[in-house]
Amino acid sequence: MSAPTSRPLPGTGRTAVVTGASSGIGAATATRLAAEGFDVVLGARRMDRLTELAAAIGARALPLDVTDASSVDAFVAQLPRVDVLVNNAGGAFDAKPVADADLDSWARTFEVNVLGTVRLTKALLPALIASGAGDVLFVGSTAGLVSYEGGASYTAAKHGVHTLAETVRLELFDQPVRVIEIAPGMVRTEEFALNRTGDQEKADAVYRGVRAPLVAEDVADCIAWALTRPHHVNVDLLVVRPRAQAAQHKVHREG
Ligand SMILES: NC(=O)c1ccc[n+]([C@@H]2O[C@H](COP(=O)([O-])OP(=O)(O)OC[C@H]3O[C@@H](n4cnc5c(N)ncnc54)[C@H](OP(=O)(O)O)[C@@H]3O)[C@@H](O)[C@H]2O)c1
């Protein structure tokens with residue numbers, strides 16, 4: 001057996017699927033991975049955004065609704081080879097305390113973040129194993145590691161994603177597949193806080209006074225770094241926050 005090397009693993013010759021690639025972290029990740037030489041397949045529901053991005057970066061766009069089993073089947077059927085799965089599709093849809101829990105919102109949050117991620121992972125694991133050097137990467141969140149008031153539908157779902165990543169890593173211990181979790185803190189993307197609050201002013205308030213929240217490209221950079229390490233190096237969990245966010249509740253706001 002040859003000794004492990006510390007040389008980066010180039011993207012060339014590897015196919016990477018990115019879910020939720022029509023905006024934010026997913027779009028930035030797809031763009032970065034294409035620049036690293038990966039053959040990138042973008043999946044999301046909004047095909048107008050997806051086809052425009054795919055054309056710009058030289059990738060392939062396929063419709064995907066991770067909450068719909070038949071959509072996942074049709075997506076997977078069009079992939080002859082997959083080396084990397086970036087499970088990014090997700091989001092938060094309310095900020096209610098448990099006493100006012102909206103069960104429909106909880107179900108929606110779990111459908112996309114947890115069940116959708118399980119669907120894609122289950123469907124693509126055979127291809128990832130067959131690749132001989134596969135990667136399944138979960139975009140988790142610091143909300144999957146700590147709890148905060150008013151966030152339970154999302155924190156519970158992202159804790160689920162964290163556990164899912166840990167479990168899959170144990171289950172695949174003898175397979176040629178790395179299991180990586182990237183857990184970002186505050187990232188200023190166009191739609192995340194808007195989807196959560198339903199109101200642009202409230203969405204803007206999330207980032208108010210924070211000098212430099214992370215941007216999608218910062219997270220894409222971490223994802224690309226983890227995926228391009230030599231394949232014996234498994235970045236189990238990478239927590240990344242803006243400097244102004246020392247902990248979930250400890251955010252420096254100016255002005
Ligand atoms: N922004 C943050 O502060 C932050 C922090 C930590 C972790 N995260 C996580 O990072 C990921 C991306 O967040 P973001 O900030 O980039 O949010 P975003 O801009 O709202 O992007 C979410 C993406 O998920 C896709 N999506 C939603 N429902 C889907 C479905 N049913 N099937 C397929 N795709 C679906 C959306 O595309 P379509 O609507 O076109 O389907 C969109 O491309 C999420 O998992 C989020 O929980 C975000």
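First listed ligand is number 1; within each ligand, the first listed atom is number 1.
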Participant: Suppose the criterion is ring pair (Phe, Tyr, Trp, His ring centres under 6.0 Å): which pairs have a residue in residues 135-154, not counting sequence neighbours?
Facilitator: Tyr154-Phe192
Participant: Identify, by atom number and element, the atoms of ligand 1 in contact range of Asp65, meaning under 4.0 Å from any of its heavy atoms.
Facilitator: 30 (C), 31 (N), 32 (N)
Participant: Would Arg14 count as a cation-pi partner of Phe38, with NZ or CZ less than 6.0 Å from the six-membered ring centre and within 45° of the ring normal?
Facilitator: no
Participant: State if Lys158 counts as touching ligand 1 under the rule of any non-hydrogen atom under 4.0 Å.
Facilitator: yes
Participant: So which heavy atom in the protein is nearest atom 17 (O) of ligand 1, and how far is it from that ligand atom?
Facilitator: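 Protein heavy atom with the smallest distance to atom 17 (O) of ligand 1: Phe192 CB, 3.8 Å.
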Participant: Among all the protein's non-hydrogen atoms, which is closest to atom 44 (C) of ligand 1, and how far away is it?
Facilitator: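 Protein heavy atom at minimum distance: Asn88 O, 3.3 Å.
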Participant: Report yes or no: does Thr19 have a heavy atom closer than 4.0 Å to ligand 1?
Facilitator: no
Participant: Hey, looking at atom 32 (N) of ligand 1, which of Val206, Asp48, Val66 has the closest heavy atom?
Facilitator: Val66
Participant: With sequence neighbours excluded, tell me which residues meet salt bridge (Lys or Arg N to Asp or Glu O under 4.0 Å) with Asp83.
Facilitator: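 So Asp83 forms a salt bridge (Lys or Arg N to Asp or Glu O under 4.0 Å) with Arg81.
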Participant: Can you pull out the closest protein heavy atom to atom 47 (O) of ligand 1? Residue, atom name and distance to 0.1 Å, please.
Facilitator: Tyr154 OH, 2.6 Å
Participant: Quiz question: by atom type and distance under 3.5 Å, do the side chains of Thr197 and Asp199 form a donor-acceptor pair?
Facilitator: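 There is no such pair between these side chains.
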Participant: So if I apply the side chain to side chain contact (heavy atoms under 4.5 Å, CB included) rule between Thr117 and each of Val114, Leu115, Thr121, which one comes out positive?
Facilitator: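 So the option named by the test is Thr121.
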Participant: Please list the nearest protein heavy atom to atom 41 (O) of ligand 1 with its residue and the distance rounded to 0.1 Å.
Facilitator: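 Scanning the protein heavy atoms, the shortest distance from atom 41 (O) of ligand 1 goes to Arg45 NE, 2.7 Å.
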Participant: Specify the protein heavy atom at minimum distance from atom 6 (C) of ligand 1: its residue, its atom name, and the distance to 0.1 Å.
Facilitator: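 Scanning the protein heavy atoms, the shortest distance from atom 6 (C) of ligand 1 goes to Pro184 O, 3.2 Å.
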Participant: Should you measure from each heavy atom of Val112, which atoms of ligand 1 turn up under 4.0 Å away?
Facilitator: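 Result: 28 (N), 29 (C).
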Participant: For Gly140 and ligand 1, answer yes if some heavy atom of the residue is under 4.0 Å from a ligand atom, otherwise no.
Facilitator: yes
Participant: At less than 4.0 angstrom from any non-hydrogen atom of Gly185, what atoms of ligand 1 do you find?
Facilitator: 3 (O), 5 (C), 6 (C)
Participant: Is there a continuous path of hydrophobic side-chain contacts, each under 4.5 Å between heavy atoms, that joins Leu128 to Val18?
Facilitator: no
Participant: Which residue and non-hydrogen atom of the protein lie closest to atom 37 (O) of ligand 1, and at what distance in Å?
Facilitator: Ser22 OG, 2.8 Å
Participant: Which protein heavy atom lies closest to atom 18 (P) of ligand 1, and at what distance to 0.1 Å?
Facilitator: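 Protein heavy atom at minimum distance: Ser23 OG, 3.5 Å.
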Participant: Can you report which non-hydrogen protein atom sits closest to atom 25 (C) of ligand 1, along with the distance?
Facilitator: Gly20 CA, 3.5 Å
Participant: With backbone taken as N, CA, C and O and side chain as the heavy atoms from C-beta onward, which portion of Leu64 lies under 4.0 Å from ligand 1: side chain, backbone, both, or neither?
Facilitator: backbone
Participant: Less than 3.5 Å apart, any donor N or O on the side chain of Ser153 or Asp94 sitting next to an acceptor on the other?
Facilitator: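 Side-chain D/A pair, Ser153 to Asp94: present.
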Participant: Consider only side-chain N and O atoms of Ser71 and Asp65, and report whether a donor and an acceptor are under 3.5 Å apart.
Facilitator: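 No pair is found: no donor N or O on one side chain lies under 3.5 Å from an acceptor on the other.
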Participant: In this structure, would Leu164 and Val17 fall into the same cluster of hydrophobic residues linked by side-chain contacts under 4.5 Å?
Facilitator: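 Yes, Leu164 and Val17 fall within the same hydrophobic cluster.
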Participant: Does Gly43 reach ligand 1 with a nitrogen or oxygen that is under 3.5 Å from one of the ligand's nitrogen or oxygen atoms?
Facilitator: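 Between Gly43 and ligand 1, no N or O pair is found under 3.5 Å apart.
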Participant: May I ask whether Val235 and Leu137 are part of the same hydrophobic cluster, defined by side-chain heavy atoms of I, L, V, M, F, W, Y residues being less than 4.5 angstrom apart, directly or through others?
Facilitator: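 Cluster IDs for Val235 and Leu137 match.
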